Chemist: 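Okay, here's the structure, questions in a sec.
What you are looking at is a predicted structure, and each value in this text was computed from that prediction instead of being measured. Below, chains carry the letters A, B, ... as their sequence lines are ordered, and counting in each starts from 1.
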There are 2 protein chains.
Amino acid sequence: MTDYKTPALTVDVVIFCLREQRLQTLLIKRGVEPYSGKWAIPGGYVRYGEDIDAAALRELGEETGVHNIYLEQLYTFGAPDRDPRGHTVTVTYFALIPDENITIEAGTDATDAAWHVLDELPDVAFDHKEIIGYAHERLRYKLEYTSAGFKLLPREFTLTELQTAYEIVLGEKLDKRNFRRRLLEADVLEKTGQYRSGGEGRPAMLYRYHAKADPQVKARRLYP
Amino acid sequence: MTDYKTPALTVDVVIFCLREQRLQTLLIKRGVEPYSGKWAIPGGYVRYGEDIDAAALRELGEETGVHNIYLEQLYTFGAPDRDPRGHTVTVTYFALIPDENITIEAGTDATDAAWHVLDELPDVAFDHKEIIGYAHERLRYKLEYTSAGFKLLPREFTLTELQTAYEIVLGEKLDKRNFRRRLLEADVLEKTGQYRSGGEGRPAMLYRYHAKADPQVKARRLYP
DNA sequence: CTTCATTAACGTCATTTGTACACAAAGTAT
DNA sequence: ATACTTTGTGTACAAATGACGTTAATGAAG
């Protein structure tokens with residue numbers, strides 16, 4: 001193999017979660033230069049011989065203690081000046097996780113890890129603002145035409161909870177009956193047979209995700 | 001910057017073109033090991049300090065003589081064993097070009113460059129079969145819900161030519177009136193005022209692309 | 001225990017969108 | 001001039017979407 005000097009390669013992960021009725025993303029406070037003290041999305045160098053998806057999962061685990069989540073590749077950013085240390089190309093991912101028993105632990109390179117409300121972000125390092133923006137757009141788009149919203153909820157959830165998740169992400173109220181019809185017709189939810197008691201009002205049926213044919217994307221074709 | 005050994009970084013480009021009423025892609029015959037003598041999609045190493053999009057355009061020009069075309073990032077493949085020379089991550093792109101005055105010239109690393117009908121591909125090097133498949137899927141998807149098909153045609157074209165392009169890519173016949181209505185409503189075409197004479201039958205109005213508001217994607221939202 | 005407040009569950013109808021389909025107009029070839 | 005080929009256009013019907021109000025099940029308050 002001819003040994004050209006190649007750019008460094010990193011992975012970065014934008015994680016979304018619904019907390020306190022707001023869409024939030026996980027940032028780590030950098031403990032080293034450059035941008036020491038600034039917030040950044042979790043990520044790090046891809047090791048030689050390591051699959052990039054695996055690297056994303058590993059970095060996520062190391063820096064935040066979040067394990068076993070579904071990642072989706074987002075985009076690769078490769079402007080030569082995006083990292084002051086030298087040319088660094090980053091493959092970005094995005095993830096949806098439910099807000100439950102997640103222990104965030106700051107890792108080696110990070111002095112802190114914390115959730116941030118998406119539209120009240122602090123100054124972030126590198127071009128991470130752009131990356132988060134891109135991920136946010138993709139998330140909205142995804143919920144507009146798929147039934148992937150349940151990934152933001154615990155394993156079992158009510159239809160109202162699911163609808164609220166959609167409403168928060170999309171930033172608009174949805175019609176309850178039409179929402180239900182759509183999601184039930186998508187055929188990815190199944191009743192658990194149990195009800196959520198506790199709160200006020202009539203108890204709601206609990207559902208869980210169950211892909212019978214895992215269509216996921218329910219985009220409409222422009223031509224028959 | 002801590003000097004980890006990072007994977008090598010390449011770019012690869014899948015170019016689509018309609019030639020002789022078939023969807024074709026441009027491959028180069030490799031002149032060096034590994035896979036010497038096999039066909040591969042054009043691409044090569046990203047230089048240190050070079051933007052990845054620029055690298056894709058440069059490699060394309062060097063290897064095929066194709067310049068100034070619109071590229072869209074496709075996906076980044078990073079399995080550690082995808083290149084026998086060592087761990088090499090590749091950022092892939094896809095492009096649509098019209099079949100007109102394109103001079104293909106084999107460049108340095110390639111002994112030959114030629115168009116290949118998409119469903120009669122030879123054995124290709126690396127994981128390029130998978131990449132081409134992925135690009136093909138994206139192309140079909142793109143034409144299903146956008147009006148990007150004109151990128152496969154010369155600057156001026158008739159609606160019948162455009163419809164034929166869609167039919168070839170999508171692999172199905174489309175209704176003439178519905179097709180026209182859809183594309184004209186998309187509001188990205190304008191009449192040139194001229195007609196294509198020459199052939200048999202009634203001369204057809206020539207159109208050209210003209211993005212007034214460049215919506216490009218005309219996807220339908222799942223929620224109001 | 002009754003009443004009230006709160007949330008869940010459900011169906012219909014008007015409108016919009018999608019799909020199928022046929023014939024006249026404008027040329028060219030003979 | 002006649003036959004042939006290709007372009008260009010509208011409508012009726014089916015399907016999907018969007019707006020909308022009432023009853024049912026529970027907990028809280030009196």
Chemist: Could you check how far CZ of B:R180 sits from C1' of C:dG18, rounded to whole Å?
Modeler: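 Rounded to whole Å, this separation is 19 Å.
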Chemist: Tell me whether the side-chain N or O atoms of A:R181 pair up with the base of C:dG11 as donor and acceptor below 3.5 Å, since no angle test is needed here.
Modeler: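 Per atom types, no contact qualifies.
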Chemist: Taking side-chain contact (heavy atoms from CB on, under 4.5 Å) as the definition, give me every residue that meets it alongside A:R196, ordered by chain and number, with sequence neighbours left out.
Modeler: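 If we apply the side-chain contact (heavy atoms from CB on, under 4.5 Å) test to A:R196, skipping adjacent residues, the hits are A:T158, A:E161, A:L206.
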Chemist: Looking at the side chain of B:A204, which of D:dG8, C:dA9, C:dG11 is the nearest nucleotide?
Modeler: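 It is D:dG8.
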Chemist: Working note: A:R22 + A:E120, criterion salt bridge (Lys or Arg N to Asp or Glu O under 4.0 Å); need CA distance, chi angles, decisive distance, verdict.
Modeler: CA-CA 11 Å; A:R22 317 190 69 172; A:E120 297 168 6; 3.1 Å; yes
Chemist: Figure out the CZ/P separation between A:R182 and C:dG11, and round it to whole Å.
Modeler: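 It works out to 18 Å between those atoms.
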Chemist: Could you tell me how far apart B:E185 (CD) and C:dT17 (P) are, to the nearest whole angstrom?
Modeler: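 Atom CD in B:E185 sits about 9 Å away from atom P in C:dT17.
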Chemist: Please examine the side chains of B:I132 and B:I41, heavy atoms only from C-beta on, and report whether any two atoms are closer than 4.5 Å.
Modeler: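 They are in contact (side-chain heavy atoms under 4.5 Å apart), so the answer is yes.
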Chemist: Please give, in whole Å, the distance from C:dT19 P to B:K176 NZ?
Modeler: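 Nearest whole value for this atom pair: 19 Å.
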Chemist: It should be established whether B:R196 places a side-chain nitrogen or oxygen under 4.0 Å from OP1 or OP2 of nucleotide C:dG27.
Modeler: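 The answer is no; no side-chain N or O of B:R196 sits under 4.0 Å from OP1 or OP2.
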Chemist: Sort me out a list of protein N/O and nucleotides 24-29 of chain D N/O pairs below 3.5 Å, or just none if empty.
Modeler:
from, atom 1, to, atom 2, distance (Å)
D:dA24, N3, A:R202, NH1, 3.3

Chemist: Take atom CG of A:L162 and atom P of C:dT7, then tell me their distance rounded to the nearest Å.
Modeler: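 Checked: the CG to P distance equals 18 Å.
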Chemist: How many whole angstroms separate atom CG of A:L174 from atom C1' of D:dC20?
Modeler: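 Going from A:L174 (CG) to D:dC20 (C1'), I get 16 Å.
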Chemist: Any donor and acceptor pair, going by atom type alone, linking the side chain of B:T25 with main-chain N or O of B:I15 inside 3.5 Å?
Modeler: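 A pair under 3.5 Å: yes.
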Chemist: Does the pair B:E185 and B:R181 meet the rule for a salt bridge (Lys or Arg N to Asp or Glu O under 4.0 Å), with working shown?
Modeler: CA-CA 6 Å; B:E185 277 172 359; B:R181 175 158 33 114; 5.2 Å; no
Chemist: Can you tell me the distance, in whole Å, between the CG atom of A:N178 and the C1' atom of C:dA9?
Modeler: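 Rounded to the whole Å, the gap is 14 Å.
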Chemist: How are the rings of B:H128 and B:F126 set to each other: parallel, tilted or perpendicular (split at 30° and 60°)?
Modeler: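 B:H128 vs B:F126 ring planes: tilted.
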Chemist: Under the rule for side-chain contact (heavy atoms from CB on, under 4.5 Å), what residues qualify as partners of B:D123, not counting sequence neighbours?
Modeler: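 Expected list: B:K38.
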Chemist: Contact class for A:T158 (heavy atom, under 4.0 Å): base, sugar-phosphate, or nothing?
Modeler: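 Here A:T158 touches no strand at all.
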Chemist: To the nearest Å, how far apart are B:Y195 OH and D:dT5 P?
Modeler: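 Distance check: B:Y195 OH to D:dT5 P gives 23 Å.
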Chemist: Here's a test of your reading of the structure: between B:R177 and B:E161, which maps to the more 5' nucleotide of DNA chain D?
Modeler: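 Its nearest nucleotide being more 5', the pick is B:E161.
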